[in-house]
Student: 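Provided herewith is a single structure, encoded as structure tokens, for subsequent inquiry.
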Amino acid sequence: MKKLQKLMLALSLSSGLAWAGPNDVLHIYNWSGSLSDNTIRQFEKRCGCRVVQDYYGDNEEMLAKLAAGAKGYDMVFPSSFVVQAMTKQKLLQPLDHRQIPNLKNVAPAYLSQGYDPANRYTIPTVLSLTSVGYNVEKLKQLGVDPSSWSVIFDPNVLQKIKGKVTVLDSSREVFAAALFYLGKDPNQASDADMRAARDVIKRAKPYWAAFSNASYLKQLAVGNIWVALGYSTEFFQASEDARLTKRPFHIGNVPQREGNELGVDTMAITASAKRPDLAHQFINFMLDGQNAAQLTNLNGATNPVATASQYFRADLKASPVIHPTPEQAKKWTVLRELTPKERRALARMWTEVKVSR
């Protein structure tokens, strides 16, 4: 009997499905509000373990804490642009793909990106499109097309909505959008391309109401602004807020035909993880289509799990941002990490933009 038990335990460990109990704990360091209580309860029931979460507000906070030596976490959810910095600092451990059979459910378009070739350290989980959110009724009334970046950068269009437009207070996001508008790839932009983007931004700036990273969600939801350059997950929340409060308008969100930046949050296992076995189980759990769909239904995120769409809310299946066609998704770009020289040049140009009138 003991030999059989030993054999079963060995098999379970080799398959990544090690038995767990109520005293087994998976410690997660995560974005606030990104996982529903229901998702956590379902995983705890599945693995027979407990999940304990701590939260961070941005990547810099998370990176600084781990770099300072915090060792209490098994899993973390870094955005793509900090993954290379984390691997260089040896803050993440390589994944064992044999323990993640549901990896096959991830759409190939979202795998093996430049920030993590072959997905050695990370698996994508939540995707957000830097795009345009807008007041559907107002733009229809004015004859303004939100499916082009001209709604943010063309003075001929902006004069119709002057003072009702906000953009992110982020040099990388705004310059990337301007480069798309000019028909350039933000990952291959030359110095001349960057200067051209700077000039486009400076010409558009007088028509904007503000640079905003936070308030645009509420301002759009209550009707104070009509157009925003922001994140698709935020526009989803603004749309939900306007619907639930019965506003006399709707908030729309569309990709731009010139191209968009795709932000990727990933799942990773820390180098100091005490329970990498449970972390692998959690990653595999979140790559099940039904479980992955809970993320989209909660926060309106584009989902890399191809088998998730059948479980989306009916209204979300029609969204070209949340449920894009393969052709639409081809125009979405994950930004690469900038070199120190590029960061300095961008900072100088951003200062020029901010002080211009």
Side-chain angles (χ1 to χ4, degrees), residues 16 26-40 42-43 46-47 51 53-56 58-59 62-63 73-84 86-87 92-97 99-116 118-130 231-234 236 261-270 273 276 278-309 311-312 316 321-324 329 332 334-335:
L26 173 66
H27 289 274
I28 291 177
Y29 195 25
N30 198 4
W31 298 94
S32 179
S34 65
L35 290 171
S36 71
D37 292 341
N38 185 54
T39 298
I40 295 298
Q42 288 178 348
F43 176 71
R46 176 76 62 85
C47 78
V51 174
Q53 293 193 82
D54 282 345
Y55 304 102
Y56 53 88
D58 57 48
N59 284 281
M62 175 271 295
L63 188 56
Y73 307 112
D74 300 303
M75 281 192 68
V76 70
F77 294 75
S79 296
S80 58
F81 59 85
V82 299
V83 168
Q84 290 183 330
M86 295 183 77
T87 58
L92 304 177
Q93 64 175 266
L95 299 173
D96 182 356
H97 288 187
Q99 298 187 49
I100 314 174
N102 283 337
L103 184 59
K104 67 180 185 297
N105 294 336
V106 180
Y110 302 119
L111 292 173
S112 199
Q113 294 286 336
Y115 64 87
D116 186 16
N119 295 96
R120 188 181 180 198
Y121 295 96
T122 65
I123 304 295
T125 181
V126 171
L127 312 179
S128 180
L129 200 68
T130 303
Y231 304 117
S232 59
T233 48
E234 300 283 329
F236 171 80
E261 176 204 341
L262 183 68
V264 182
D265 286 340
T266 70
M267 297 181 284
I269 302 177
T270 64
L278 295 181
H280 277 96
Q281 286 188 50
F282 187 83
I283 292 172
N284 193 60
F285 175 83
M286 291 307 302
L287 297 182
D288 172 84
Q290 195 163 1
N291 299 329
Q294 292 187 43
L295 288 175
T296 294
N297 293 333
L298 174 70
N299 57 30
T302 306
N303 206 304
V305 178
T307 53
S309 60
Y311 304 106
F312 289 172
L316 302 186
V321 171
I322 294 173
H323 191 200
W332 299 354
V334 178
L335 296 184

Student: With a 4.5 Å limit on heavy-atom distance, are the side chains of L129 and Y231 in contact?
Tutor: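 Of all side-chain heavy-atom pairs linking Y231 with L129, none is under 4.5 Å.
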Student: Heavy-atom distance under 4.5 Å between the side chains of Q99 and N284, does that happen here?
Tutor: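 Contact flag for Q99/N284 side chains = no.
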Student: Are Q281 and I283 side-chain neighbours, meaning at least one heavy-atom pair lies under 4.5 Å?
Tutor: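 No. Closest side-chain heavy atoms not under 4.5 Å.
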Student: What closest approach, in Å, do P124 and P304 show between heavy atoms, and which atom pair accounts for it?
Tutor: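 In terms of heavy atoms, the two residues are closest at O-CG, 3.6 Å.
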Student: To the nearest 0.5 Å, what is the distance between OG on S32 and CG on D54?
Tutor: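 Those atoms lie 11.0 Å apart.
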Student: Quick one: pull up OH in Y121 and OH in Y115 and give me the separation to the nearest 0.5 Å.
Tutor: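 So the gap between those two atoms works out to 14.5 Å.
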Student: Work out which heavy atom in Q84 is nearest to a heavy atom in G114; give both atom names and the distance.
Tutor: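 Scanning both residues, the minimum pair turns out to be NE2-O, 3.3 Å.
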Student: Extract all donor-acceptor atom pairs below 3.5 Å that involve side chains of residues 291-301 and protein atoms in other chains or at least two apart in sequence.
Tutor:
residue	atom	partner	partner atom	Å
N291	ND2	F285	O	2.9
Q294	OE1	N38	ND2	3.3
Q294	OE1	T39	OG1	2.8
Q294	NE2	Q42	OE1	2.7
T296	OG1	A301	O	2.9
T296	OG1	N303	ND2	3.1
N297	OD1	R313	N	2.9
N297	ND2	A293	O	3.4
N297	ND2	Y311	O	3.2
N299	OD1	A301	N	3.0

Student: Would you check if M286 and I123 make a side-chain contact, meaning some heavy-atom pair closer than 4.5 Å?
Tutor: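 Sidechains of I123 and M286: no contact.
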Student: Does A273 offer a backbone N or O that forms a donor-acceptor pair with the side chain of D74 under 3.5 Å?
Tutor: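 Absent.
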Student: Quick one: pull up OH in Y55 and CD1 in I28 and give me the separation to the nearest 0.5 Å.
Tutor: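 The distance works out to 9.0 Å.
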Student: Listed by chain and number, what are the ring pair (Phe, Tyr, Trp, His ring centres under 6.0 Å) partners of Y56, not counting sequence neighbours?
Tutor: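 Ring pair (Phe, Tyr, Trp, His ring centres under 6.0 Å) list for Y56, sorted by chain: Y29, W31.
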Student: Nearest 0.5 angstrom please: F43 CZ to L35 CG, how far?
Tutor: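 Those atoms lie 11.0 Å apart.
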Student: Quick one, V51 and L278 - any side-chain contact, counting heavy atoms below 4.5 Å?
Tutor: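 V51 does not reach L278 side chain to side chain.
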Student: Side chains of Y110 and T302, heavy atoms from C-beta outward: is any pair under 4.5 Å?
Tutor: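 The answer is yes; the side chains approach within 4.5 Å.
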Student: Taking atom CG of L287 and atom CG of N105, what is their separation to the nearest 0.5 Å?
Tutor: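 So the CG of L287 and the CG of N105 are separated by 7.0 Å.
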Student: Test T87 against R120 for side chain to side chain contact (heavy atoms under 4.5 Å, CB included), laying out the working first.
Tutor: CA-CA 10 Å; T87 58; R120 188 181 180 198; over 6 Å; no
Student: Looking only at heavy atoms, which two atoms of L26 and F282 are closest? And how far apart?
Tutor: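 Taking L26 first and F282 second, the nearest heavy atoms are CD2-CB, 3.7 Å.
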Student: Knowing that exactly one of T125, L111, T307 qualifies, which makes a side-chain contact (heavy atoms from CB on, under 4.5 Å) with V106?
Tutor: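 The option that passes is L111.
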Student: Before you tell me yes or no, could you show the steps for M86 and L63 under side chain to side chain contact (heavy atoms under 4.5 Å, CB included), namely the whole-Å CA-CA distance, both residues' side-chain angles and the distance that decides it to 0.1 Å?
Tutor: CA-CA 7 Å; M86 295 183 77; L63 188 56; 3.4 Å; yes
Student: Quick check: closest heavy atoms across A268 and T122, and the distance to 0.1 Å?
Tutor: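 Nearest heavy atoms, A268 then T122: CB-CG2, 4.0 Å.
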Student: Check the pair F77 / M267 against side chain to side chain contact (heavy atoms under 4.5 Å, CB included), numbers first and verdict last.
Tutor: CA-CA 5 Å; F77 294 75; M267 297 181 284; 3.5 Å; yes
Student: Please evaluate residues V321 and F236 with respect to the criterion side chain to side chain contact (heavy atoms under 4.5 Å, CB included), reporting the C-alpha separation (whole Å), side-chain torsions for both, the decisive distance (0.1 Å), and the verdict.
Tutor: CA-CA 10 Å; V321 171; F236 171 80; over 6 Å; no
Student: With heavy-atom distances below 4.5 Å as the criterion, would you say the side chains of F81 and N59 are in contact?
Tutor: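 Side chain of F81 against side chain of N59, heavy atoms only: contact under 4.5 Å found.
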Student: Can you tell if the side chain of S80 reaches within under 4.5 Å of the side chain of Q113, non-hydrogen atoms only?
Tutor: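 No, side chains not in contact.
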Student: How close do H97 and N119 get, heavy atom to heavy atom, and via which atoms?
Tutor: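 In this case the closest contact between H97 and N119 is NE2-O, 2.8 Å.
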Student: Just verifying a value: how many Å separate H280 NE2 and I269 CD1, rounded to the nearest 0.5 Å?
Tutor: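 The distance works out to 4.0 Å.
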Student: For the backbone of S128 and the side chain of S232, can you confirm whether one donor and one acceptor N or O come within less than 3.5 Å of each other?
Tutor: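 No, because the side chain of S232 does not come within donor-acceptor range (under 3.5 Å) of the backbone of S128.
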